[in-house]
Amino acid sequence: MITMDDIVREGHEVLRQRAKEVELPPTNEDKHTLDEMLQYVKNSQDEQIAEKYGLRPGIGLAAPQIGLTKRMIAVHFTDFNNREFSYGLFNPKIMSHSVERTYLPNGEGCLSVDRDVPGIVPRYARITVKATTLEGEEVKLRLKGYAAIVFQHEIDHLNGVMFYDHINQEDPLTPPADAVSAE
Ligand SMILES: O=C(O)C[C@@H](Cc1ccccc1)[C@H](O)SCc1ccccc1
Ligand code: NI
């Protein structure tokens with residue numbers, strides 16, 4: 001089972017590398033790892049389990065965060081329209097995105113960052129993602145708002161990008177004029 005001991009923290013070089021494509025069909029080992037990642041995200045949202053194992057709640061996790069430079073992400077969350085997203089994905093790729101941007105008014109956090117980093121994180125408001133699921137099917141996901149933000153946060157991890165790289169250092173708390181809040 002993945003616990004916080006397995007999650008690498010900022011400063012570890014793996015978080016700044018470009019993760020490698022996973023060869024498909026995935027090996028049993030890669031499938032097991034991705035399943036463990038999805039299980040972590042689910043466990044972290046279960047009060048009893050999170051309490052028992054000291055898990056920090058998360059809605060997503062990317063393989064580099066457990067020290068694996070492979071293009072695998074897991075997400076488990078419900079968006080503001082109550083749509084559920086629960087996926088383990090291999091090789092997620094943003095195929096297209098809106099010009100319009102969005103953001104979370106309270107900024108973002110990260111399981112690999114043990115500190116608060118205040119600031120608006122501008123993200124594309126709508127994205128289309130292609131990926132292969134844990135079950136081996138190719139999916140094309142059209143995402144907007146909160147879901148678009150979560151997927152961009154996780155795919156950023158595969159490209160060595162941290163959420164605070166997007167914060168405008170001159171004026172961190174002011175949303176970009178053309179951006180629309182996701183909440
Ligand atoms: O470190 C990670 O990748 C998990 C991130 C995911 C995230 C996505 C979008 C915006 C912020 C963070 C967080 O640690 S998950 C923590 C969390 C929990 C509930 C709601 C929002 C963020
Ligand atoms: Ni993160």
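These numbers come from the heavy atoms of this one structure, side chains and all, not from hydrogens, waters or symmetry mates. Each ligand, and each atom within it, is numbered from 1 in the order the structure gives.
Applying the ring-ring contact (aromatic ring centres under 6.0 Å, His included) test to pairs two or more places apart or on separate chains, those with a residue in residues 94-119 are His97-Tyr124. For residues 73-93, the set of pairs meeting the salt bridge (charged side-chain N to carboxylate O under 4.0 Å, His left out) definition, not counting sequence neighbours, is empty.
A 4.5 Å side-chain heavy-atom check between Arg123 and Asp156 finds at least one atom pair inside the cut-off.
Between Phe151 and Tyr87, the ring-plane angle classifies as perpendicular under the 30° and 60° cut-offs.
Looking at Arg101, its side chain never comes within 3.5 Å of a backbone N or O of Ala179 through a donor-acceptor pair. Under the 3.5 Å distance criterion, the side-chain polar atoms of Arg16 are matched with a main-chain donor or acceptor of Gly160. With hydrogens and angles ignored, the 3.5 Å screen pairs a side-chain donor or acceptor of Gln65 with a backbone N or O of Ala62. The closest donor-acceptor contact from the side chain of Gln45 to the backbone of Gly58 lies under 3.5 Å. In this structure, the side chain of Arg56 engages the main chain of Cys110 through a donor-acceptor pair within 3.5 Å.
Sorted by chain and number, the protein atoms of type N, O or S within less than 2.8 Å of the Ni ion (ligand 2) are Cys110 SG, His153 NE2, His157 NE2.
The 4.0 Å heavy-atom shell around ligand 1 contains residues Pro57, Gly58, Ile59, Gly60, Gln65, Leu104, Glu108, Gly109, Cys110, Leu111, Tyr146, Val150, His153, Glu154, His157, ordered by chain and number.
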